[in-house]
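Structure, as structure tokens:
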Amino acid sequence: MTSSNPAIPEPSNFIENIIVSDLQSGKRTTVHTRFPPEPNGYLHIGHAKSICLNFGIAKRFAGVGGQCNLRFDDTNPAKEDQEYVDSIQEDVHWLGFDWDDRCFYASDYYDKCYEFAIQLIQKGKAYVCELTGDQVSEYRGTPTAPGKPSPWRDRSVEENLELFAKMTRGEVEEGRMFLRAKIDMASPNMNLRDPAIYRIKKAEHHRTGAKWVVYPMYDYAHPLGDWMEGITHSICTLEFEVHRPLYDWVLEALELPHRPQQIEFARLNLTYTVMSKRMLLELVQNKIVMGWDDPRMPTISGLRRRGYTPSSIRSFAEKIGVAKADSVVDINLLYFCIREELNAVAPRRMGVLDPLKVVIANWPADKVDMIEADNNPEDPTMGKRMIPFGREIWIERDDFMEVPVKKYFRLAPGAEVRLKHAYYITCKEVVKDAQGNVVELRCEYDPESRGGGSPDGRKVKGTLHWVSVAHALEAEVRLFDHLFSFENLSDVPEGHDYKEFYNPNSLVRKQAKLEPSVKELKPFDRIQFLRHGYFCVDSRDSKDGAPVFNRIVELKDSWAKEQKK
RNA sequence: UGACCUAUAGUGUAAUGGUAGCACAACAGAUUCUGACUCUGUUUGUCUAGGUUCGAAUCCUGGUAGGUCAACCA
């Protein structure tokens, strides 16, 4: 379906299909979305999907005046906090989106919502109920059995008005009365069995303080908030699907024109990842992690500290698409997105995580050679740097095998390899301690091979990274694994809790030997340690002035994979 | 024993009654001063049974499987 209007983009998912057809049919002339978090926790990668969706649609439909609001759904003062408001704003901005002057709060609309509630009462469409919590659920019935009407259902308009005013003045105890919509106690949809629309909460609200003691419920405030902001397409997750009739009922009952349309999509699930706010809060409170921004957390702030870029997350959101079917996305796709970006832009550095000393026997004791190395083979414009080379160097312990397996082309007794950017060396002798552990290698270098080539054209298959012992910088390097060891939440066996599956190896700290140039790196700088993956300088921690590195993601390693087989 | 929603390669997602594509993953090969990257190629799919139609992933009916709903949470 090609649109004749050049301002209307080609739809790329089912939501945009709806929008485009609304535009083409003349049902809408513009597109206005919103991202409506409740400020009761930090945003996570699942929210990033929604943010990219809502702000992305506004951007794609800019030609017809597309806009996206940020709206805090702060209708429950007991759970919400300014700290969360601040972090949410920071995270949305960091992801690369902006709401201009359109940051709103459901609490901005309390007065309006209240007036509308009075209208509903006057229309005979809402009443004050005095059933207790237990009674309410008893009267509501079950999904298969209809409910029965509350004894307070048929109060007079005057009495309802008076009681609601009393509630509002704080003259009624919490839980003693609440305002319900009068819909249908026998509806097959439980949400329509006279749902609560206002309840008493004598809690301090983070924005309105003690001004109110009655607060609107989500199901009532949300459609009104959407309507007041001129939202055209109100996009939310699947669990609100059965609430849609109620959403529509509120707007219909109040006879409001130009109503927004609610559209639901499947929330993001990721393998090896638990996304519920409750669980994330628990991890923080029980100090299983360092905080909301622990690099292992699926929070936006955690991903940021880990070293993910906003563009990699946006790219991920685009790749996973949007649909209505429940699904679990393979976290490898997220890894791919950050690798793809960082491969192109991250400077290469050498670092040895598990060091083994190599002595170049035919290299003069005090001679230091400054070796030139390109910063990124993918991008020559990133220039070069100089690396010191001396008689003693560190190599990776698993880059040497005393008894090499077939197709092993790194260092072994008698074998020749290339030290990246530097020289060819041949292993002449293996030094062991009393227990028989290899503690040092004695090698000889080929002076003709400076720069990593050889005049006679002989080939070496293996190229090792290395760090000069005399110049090495020691620094902490953190390697991460999944916080939980199950792949999918549904893998958790019956009768067990996912908390039994914490992965004790989700954080491994290494004291690594790094080439001296890494000293100049700043927080959030991202590099690739050759063969070890992409790392980011931690934005909070450093040890003795030396940067601490978080590994964002490993490089693919077909050799390691083959060995496992 | 209810209502609503969903079902396309291993995973995610397109195809709006007209050639089932794309990405990731996997596999094979080429290349390589990162066993990375890159390049080439390959394998694998419309839940099921009917119906409508010249023609169905798409529309209809039944079945199966999964999800959501019984907060004065969002």
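For the OP1/OP2 pair of rU32(B) and a distance below 4.0 Å, the side-chain nitrogens and oxygens of K459(A) include no atom meeting the criterion. Dashed line: the shortest gap from a side-chain N or O of S327(A) to OP1 or OP2 of rU13(B) is under 4.0 Å. Regarding contacts with the backbone of rA74(B), every side-chain N or O of R71(A) stays at 4.0 angstrom or more from both OP1 and OP2. Taking 4.0 angstrom as the limit, R193(A) places none of its side-chain polar atoms (N or O) nearer than this to OP1 or OP2 of rG2(B). Here T75(A) reaches the OP1 or OP2 of rA74(B): one of its side-chain N or O atoms lies under 4.0 Å away.
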Below 3.5 Å is the cut-off: list the nitrogen or oxygen pairs between protein and nucleotides 60-67 of chain B, distance only.
residue, atom, partner, partner atom, Å
rG67(B), O2', D326(A), OD2, 3.2

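Within the nucleic acid shown, R418(A) comes within 4.0 Å of at least one base atom, counting heavy atoms only. Using a 4.0 Å heavy-atom cutoff across all strands shown, L333(A) reaches sugar-phosphate atoms only and no base atom. Within 4.0 Å (heavy atoms only), F240(A) reaches at least one base atom of the nucleic acid. Using a 4.0 Å heavy-atom distance criterion, H465(A) is classed as making no nucleic acid contact. Here K79(A) lies in heavy-atom contact (under 4.0 Å) with a base. V460(A) comes within 4.0 angstrom of no nucleic acid atom, judged by non-hydrogen atoms across all strands. Across all strands, Y215(A) comes closer than 4.0 Å to no nucleic acid atom at all (heavy-atom distances). As judged by a 4.0 angstrom heavy-atom cut-off over every strand, K561(A) is placed among residues touching the sugar-phosphate backbone only. Within 4.0 Å (heavy atoms only), N189(A) reaches no atom of the nucleic acid at all. If you check every strand for non-hydrogen atoms under 4.0 Å, G147(A) touches nothing. K324(A) comes within contact range of the sugar-phosphate backbone alone, with a heavy-atom separation under 4.0 Å but no base atom that close. As judged by a 4.0 angstrom heavy-atom cut-off over every strand, R410(A) is placed among the base-contacting residues. Within the nucleic acid shown, I18(A) has no heavy atom closer than 4.0 Å to any nucleic acid atom.
Using a 4.0 Å cut-off between charged nitrogen and carboxylate oxygen, E282(A) and K277(A) do not count as a salt-bridge pair. With respect to D194(A) and K182(A), no salt bridge is recorded, no charged nitrogen being found less than 4.0 Å from a carboxylate O. Using a cut-off of 4.0 Å between Lys/Arg side-chain N and Asp/Glu carboxylate O, R207(A) and E80(A) are scored as not salt-bridged. Taking 4.0 Å as the cut-off between side-chain N and carboxylate O, R458(A) and E416(A) count as a salt-bridged pair. With respect to E229(A) and R34(A), no salt bridge is recorded, no charged nitrogen being found less than 4.0 Å from a carboxylate O. Using a 4.0 Å cut-off between charged side-chain N and carboxylate O, R267(A) and E239(A) make a salt bridge.
Toward the 5' end of RNA chain B, the nearer of the two residues D330(A) and M190(A), judged by each one's closest nucleotide, is D330(A). For the pair Y408(A) and V136(A), both in contact range of RNA chain B, the more 5′-proximal nearest nucleotide belongs to Y408(A).
Pairing analysis of RNA chain B (Watson-Crick: purine N1 to pyrimidine N3 plus N6-O4 or O6-N4; G-U wobble: N1-O2 and O6-N3; both under 3.5 Å) yields stems of 3 or more pairs at B:2-7 with B:64-69, B:10-13 with B:21-24, B:26-30 with B:38-42, B:47-51 with B:59-63.
More than 12 heavy atoms of other shown residues, nucleotides or ligands fall within 6.0 angstrom of atom CZ in R169(A). More than 12 non-hydrogen atoms from other residues, nucleotides or ligands lie less than 6.0 angstrom from CD of E241(A).
Separation of the P atoms belonging to rC5(B) and rG45(B) is 30 Å when rounded to the nearest angstrom. With both ends at atom P, the span from rG67(B) to rU11(B) equals 16 Å, rounded to whole Å. A distance of about 13 Å separates the P atoms of rC39(B) and rA25(B), rounded to the whole Å. Between rG21(B) and rA36(B), the two C1' atoms lie 29 Å apart (nearest whole Å). Taking the P atom of each, rG55(B) and rU19(B) are spaced 15 Å apart, rounded to whole Å. Comparing rC59(B) with rA7(B), their P atoms sit 10 Å apart, to the nearest whole Å.
M217(A) places its CE atom 11 Å from the P atom of rA70(B), with the value rounded to the nearest Å. K319(A) has its NZ atom 14 Å from the C1' atom of rA25(B), to the nearest Å. Across the protein-nucleic acid pair, H243(A) atom NE2 and rA74(B) atom C1' stand 9 Å apart, rounded to whole Å. The nearest whole Å value for the distance from the CZ atom in R349(A) to the P atom in rU34(B) is 17 Å. If you take CZ of F409(A) and C1' of rU32(B), they are 10 Å apart, rounded to a whole angstrom. Distance, L53(A) CG to rU13(B) P: 12 Å, rounded to whole Å. The distance from atom CG of N269(A) to atom C1' of rU6(B) is 14 Å, rounded to the nearest whole Å. Atom pair N191(A):CG and rA74(B):P shows a separation of 13 Å (rounding to whole Å applied).
Within the 4.5 Å cutoff, no side-chain heavy atoms of D219(A) are placed close to those of Y247(A). At a threshold of 4.5 Å between non-hydrogen side-chain atoms, the residues V329(A) and N269(A) do not count as touching. Residues Q261(A) and K27(A) form a side-chain contact, since some pair of their non-hydrogen atoms from C-beta on lies under 4.5 Å apart.
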Apply salt bridge (Lys or Arg N to Asp or Glu O under 4.0 Å) to the pair R60(A) and E16(A), showing each step before the final yes or no.
CA-CA 10 Å; R60(A) 282 171 59 74; E16(A) 293 188 355; 2.8 Å; yes
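Residues passing the side chain to side chain contact (heavy atoms under 4.5 Å, CB included) test with R531(A) are D398(A), D399(A), R410(A), H465(A), sequence neighbours excluded.
Which of rU34(B), rU1(B), rC72(B) sits closest to the side chain of T144(A) comes down to rU1(B). Counting only heavy atoms from C-beta on, L530(A) has its side chain closest to rU34(B) among rG12(B), rU34(B), rA74(B).
Of the residues listed (H421(A), E372(A), E515(A)), the one engaging R385(A) in a side chain to side chain donor-acceptor pair (under 3.5 Å) is E515(A), and it is the only one. Residue Y105(A) is tested with V85(A), T208(A), D73(A) for a side-chain contact (heavy atoms from CB on, under 4.5 Å); the sole match is V85(A).
Annotated as anti: rA57(B), whose glycosidic dihedral deviates from 0 by more than 90°.
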Under 4.0 Å protein heavy-atom contacts per nucleotide of nucleotides 36-44 of chain B, with B for base, S for backbone only and - for none
BB-------
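Counting only residues at least two apart or on different chains, the ring-ring contact (aromatic ring centres under 6.0 Å, His included) pairs with a member in residues 166-198 of chain A are F164(A)-Y198(A), Y198(A)-Y220(A).
A heavy atom lying under 4.0 Å from RNA chain B marks the following residues of residues 169-188 of chain A, by number: G175(A), F178(A), P188(A).
Side-chain to base pairing of R531(A) with rG35(B): no donor and acceptor N or O lie closer than 3.5 Å to each other.
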